[in-house]
Amino acid sequence: MVMVKFFATLQEPVGENKVEIDAKDVSSLLDIILERYPGLKPELLDDEGELKDTIKFMLNGRNVDFLDGMETKLKKDDTVAVFPLVAGG
Amino acid sequence: MGKKILRVDMESGKLEYEEVSEEYRTLGGRGLTSKIISDEVPADCHPMGPNNKLVLAPGIVTGTSAPSSGRLSVGGKSPLTGGIKESNVGSRFAQTMAKLGLKAVVIQGKSDGYKMLKLDKDGGELLDASPWVGMGLYKAYEELYQKFGDKVDICSVGITAEMSGVNSGICFNDIDGLSSRYAGRGGLGAVMASRGLKFVVLDGKNAPGVEIKDKELFEKGRKKLAKAIQEHDVTKDGGALPSFGTAVLINIVNEAGGLPHRNFSSGKEDMAEMVSGEKKAEMIKQLGGERPHVCSPGCIIRCSEVWTKEGGKDPVGVLEYESVWALGPNCGIYDLEIIGELNRACNDLGLDTIEMGNTIAVAMEGGMLEFGDGEGALELMEEIRKGTYKGRMLIHGTEFVGKALGVHRVPTVKGQAMPAYDPRSIKGIGVTYATTTMGADHTAGYTIAPEILGTGGKIDPLEKDKVDISQALQRSTAVIDSSGYCLFTAFPVLDIPEGLEGMVETVAGVLGEDITVEDLDGIGKQILDIEREFNKRAGFTEKDDRLPEFMRTEELPPHDVVFDVEDGELDKVHEG
C-alpha cells in the first residue's frame, strides 16, 4: 500500500488528508483516486479530461516530473503527496 | 500635478519639497530608493551615523486603480548587512503617500528626541513623539488613531529600534489600523530611529491623486492584468492564496524536503502539517478571525488575514508563511497559538519575524533554551521588552547571537538570516541568497516558483544549474519592486503573457513612456548594478556572495544533500 496525502483545495473533495491505496505506478494511482473521489475531477482534470499541468505528484519528496512522470513506479510504504497549484512566499 | 520629493532634515526640522529631476522621473519604488541611496549616502558610512539616510518611495503605479499595487519601498544602508537595502511592504500607507503627490521622502540628519512627521495635502510638520517612546506598537497605534482619526496611515518604529537593535523593521498599518505590516528586513527600523524619527502619519484627505499621462494605455493594461490575476489558479477567487494565505507553502515545501526545521537541521518533519496554511485557515474560522483579507485597498489577490485569539479577540494581523516557519518549525515549535503570540510580540516590539525566528533557533542551538520550547521563546520576547542584557543581545541579528553563543550552524548571508527554504534541497534559491545585493532574501529572485511550485516553468530543485534562472528572476524582481506591484502578481504574469503586457502598459501609461516587455531585463539589471556598485564601495567582494560553510558540509535530510553550486558559477550571476 502507498500512503497518499492530499493538500490545499484537494482535501475537501477527498474528505480526509491521507488515504492508503494500492497502485503500481502514478498513472494507475490517478485512475483509482478519480474513481474513488469523483469530486476531485474538476480539481485534477481540465476541460478535455486531461490531467492539469499544474497538478503535482510528489513521490517521497520528489516531483514525479523529474522522475519517470506518470509512469513512475510505486512500491510498498511509498508516500505520494498530491498538490494543486499553490504559491506564496 | 507632478510628484515631488520631500526632504526632511531632522536636525534643523526643515521640510523641503523638491522638483523631481529628469534622472529620477521614470523611477519608483526600489529603483528610486536604491538610486537615491547610491547618489547621496557614502557607502562606507556607519549605518546609524549622521551620513546614512532613509528613503521611502511608493511604486510607479501605486495610488492608481492598478490591481494589487499598494507597495512601498524603504531604502537605506543596512545596519544588519552593511550593504544597500530595499525592504518592501504592502500597506494603504503607500497608496496615500502616492496620492499626496510624494514620489519619495528622504529622511536625513538627527533630531533631539523622537519626532513624528505628519503630512497632508498642504504640507507637513515635525511633532513631538516622546509620549509613545517605550510603548508597544499595538497600543501606540490605538492612541494615534484616537488622536488623528481612523483614516490616517501610520509608519513607525518600535521599542527595539529605540534600543538600536539591528533586527528592527519598519511597521505600517493594515486596513484595520493594526500595527502588522512590515518592511521588516535589514534593520531599517534602527536607521529610522537613529534619525530620531518615531512615526510618519499621513492624512490623505482630499489628496490630489496620481497623475496618469496616458490614461487609455493605462486602462488597457489594467484590464489585462486584472484578468490574468482573476484567471490564474493561484490568485483567482477560491485559489490557493485567498483560501489559505501564504502559509499554504508549509506543506509543499516540507514535502519537497526544503522546509528548515530546528535551525536548518532537517528539511522535512511530519509535524509541519500542524502549522500549515490549511490548518491555519481552519483555526481562523474557529477562533473568529478573518480570511481572506487585504493588505491594502484594491488588492484582488487577498492573501492576507487577521489571526486572533478565541472569540476574535486580540487581533494580531497576518501570520505569513515566513513568520510561521521562522517562529515555528525552525524553532521546533508546531503550535499555531504560540506562533501567533510570538508574531504578536514581534509586531509589538518592532522586529522582523524572519530574523527573530532564526535568532531564537540559533539561541536554542546554543543552549539558551530547548528546541520546541514555545513558552521559553515567549519569555525571551519579554526579556527584549524589558531591555535586559539578554534581551538586548537578541535584537542584533542571528549572526551576532551565533557568535555570542559559539554556534557554527548560522544560516546567514551578508549578515542577514535565511528565509523559509533550505538551499541544499532547493538550489536555485541558494544562488539567489548568495548573490543578491540584499543578503539572504527569497523575494530577491524567487526561484521557488519554477523549482517547487511549477509556475514560470518547471525545474528540478536538486539540479544545480540555476545561475540563469536566478539572474533572470533577480532582474525581473527589481522591476516589479519598482513598479509598485505586489510580487505575487508575478505568478499570473509569469504564466499569462497578456498579464505581463498589461503590467508594462500600466507603468508606461502612468509615466507616458514607451516601455515594452523586452525592456524589462535591462531595467532590472540597471537597478541591480547600482546596488552592487554601492556594496562594492562598502567593501563587499565575491567572498560575500557565498553561503555559510555548513551548507556545503552537512547533509540535509531527507534527501541528504549539500549545497554544491560551485563558487565560480555563483559569480556568473553578475555577468551578461
Side-chain angles (χ1 to χ4, degrees), chain A residues 2-20 26 29-30 33 39-48 50-70 72 74-75 77-89, chain B residues 232-236 238-241 243-258 267-268 270 273 276-279 281-282 301 303 320-322 419-421 425 442-443 446 448-449 451-455 458-463 487-488 490-492 494-495 557-559:
Chain A
V2 172
M3 175 69 76
V4 186
K5 297 159 87 172
F6 297 94
F7 294 98
T9 50
L10 306 183
Q11 290 181 343
E12 201 176 311
V14 176
E16 40 199 333
N17 300 350
K18 55 187 88 165
V19 296
E20 286 197 325
V26 180
L29 177 78
L30 174 63
I33 61 176
L40 275 179
K41 277 186 187 164
E43 299 288 337
L44 301 185
L45 305 181
D46 63 19
D47 294 343
E48 277 76 47
E50 297 294 322
L51 181 67
K52 287 182 186 173
D53 189 43
T54 53
I55 299 298
K56 279 166 281 297
F57 288 86
M58 224 178 260
L59 169 62
N60 302 328
R62 296 282 288 136
N63 189 329
V64 300
D65 286 348
F66 309 119
L67 302 172
D68 293 322
M70 296 305 284
T72 302
L74 300 176
K75 60 182 190 309
D77 297 333
D78 276 344
T79 299
V80 177
V82 193
F83 288 94
L85 186 55
V86 298
Chain B
H232 196 269
D233 275 351
V234 165
T235 48
K236 71 183 183 187
L241 273 174
S243 298
F244 303 108
T246 56
V248 73
L249 289 188
I250 290 277
N251 278 328
I252 191 167
V253 179
N254 185 58
E255 288 295 324
K268 181 178 186 296
D270 288 343
E273 285 184 45
S276 64
E278 291 91 324
K279 181 71 181 170
E282 189 187 310
I301 298 176
C303 71
E320 299 282 13
Y321 164 67
E322 302 292 338
Y421 313 91
S425 52
H442 61 300
T443 66
Y446 193 63
I448 302 303
E451 292 188 286
I452 299 292
L453 310 177
T455 53
K458 286 184 183 177
I459 307 173
D460 187 344
L462 296 181
E463 166 61 46
L487 200 49
F488 292 166
F491 295 120
L494 282 170
D495 286 335
H559 297 306

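Reminder, nothing fancy here: chain letters follow the sequence lines and each chain counts from 1. Below, all heavy atoms of this structure are taken into account, side chains as well, without hydrogens, waters or symmetry copies.
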Nearest heavy-atom pair of [X] and [Y]: which atoms, and what distance?
X        : Y       : answer
B/Pro461 : A/Phe66 : CD-CE1, 3.8 Å
B/His559 : A/Asn60 : CE1-O, 3.8 Å
B/Ala240 : A/Ala87 : CB-N, 4.4 Å

Could you give the distance from CG (A/Leu67) to CG (B/Asp460), rounded to the nearest 0.5 Å?
->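 So the CG of A/Leu67 and the CG of B/Asp460 are separated by 8.0 Å.
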Between CD on residue A/Glu43 and CG on residue B/Asp233, distance to nearest 0.5 Å | 9.0 Å
Is there any residue in residues 79-86 of chain A with a non-hydrogen atom under 4.5 Å from a non-hydrogen atom of chain B, and which ones are they?
->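 Under the 4.5 Å heavy-atom cut-off, A/Ala81, A/Phe83, A/Leu85, A/Val86 qualify.
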Chain A interface, residue from B/Thr443, B/Leu462, B/Asn254 that has the most non-hydrogen pairs under 4.5 Å =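 Looking at each of B/Thr443, B/Leu462, B/Asn254 in turn, B/Leu462 comes out on top.
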Among the listed options B/Glu320, B/Glu463, B/Glu273, the residue most often paired with chain A at heavy-atom distances under 4.5 Å =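 Among B/Glu320, B/Glu463, B/Glu273, the one with the most close pairs to chain A is B/Glu273.
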Should we say atom NZ of B/Lys279 is surrounded by more than 12 heavy atoms from elsewhere, each under 6.0 Å from it?
-> no
Heavy-atom cut-off 4.5 Å, strictly under: side chain, backbone, both or neither for [X] against chain A?
X        : value
B/Ile301 : neither
B/Ile252 : both
B/Glu278 : side chain

Answer with side chain, backbone, both or neither: which region of A/Asp53 has an atom nearer than 4.5 Å to a non-hydrogen atom of chain B?
-> both
Please state whether the side chain, the backbone, both or neither of A/Thr9 comes within less than 4.5 Å of a heavy atom of chain B.
->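 Interface part for A/Thr9: both.
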Give a yes or no on whether a salt bridge exists between B/Glu255 and A/Lys56, defined as a side-chain N under 4.0 angstrom from a carboxylate O.
-> no
Largest heavy-atom contact set with chain B, pairs under 4.5 Å, which of A/Lys52, A/Arg62, A/Met58, A/Gln11 |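 Winner by heavy-atom pair count: A/Arg62.
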